[in-house]
Amino acid sequence: MTRGQVDLEWRHLLAKLAQRSPGSEALTAAHSAPTVHPLFTVVPSPVESWERATDPEG
């Protein structure tokens, strides 16, 4: 799993939470970097080209 993919998924989740639960930004802002399950190895790399980036920054 790439760091870019983790970041993309995290931003996607935060956007969904903000839409579904206004005011949740304070809760999610405290958790800026998610921890992945130990089964995964995160490598420093952008989002893979085949991933559908729904985020304008992705």
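Worth saying up front: this structure is predicted, and the values here are computed from it rather than measured. Residue indices begin at 1 and follow the sequence shown.
- Connection of F40 to V6 is established within a shared hydrophobic cluster, with ILVMFWY side chains joined at heavy-atom distances below 4.5 Å, either directly or through further cluster members.
- Using a 4.5 Å heavy-atom threshold, the side chains of V43 and R3 count as separate.
- We find that D7 and R11 are not joined by a salt bridge, their nearest charged nitrogen and carboxylate oxygen being 4.0 Å or further apart.
- To the nearest 0.5 angstrom, L8 atom CG is 11.5 Å from L13 atom CG.
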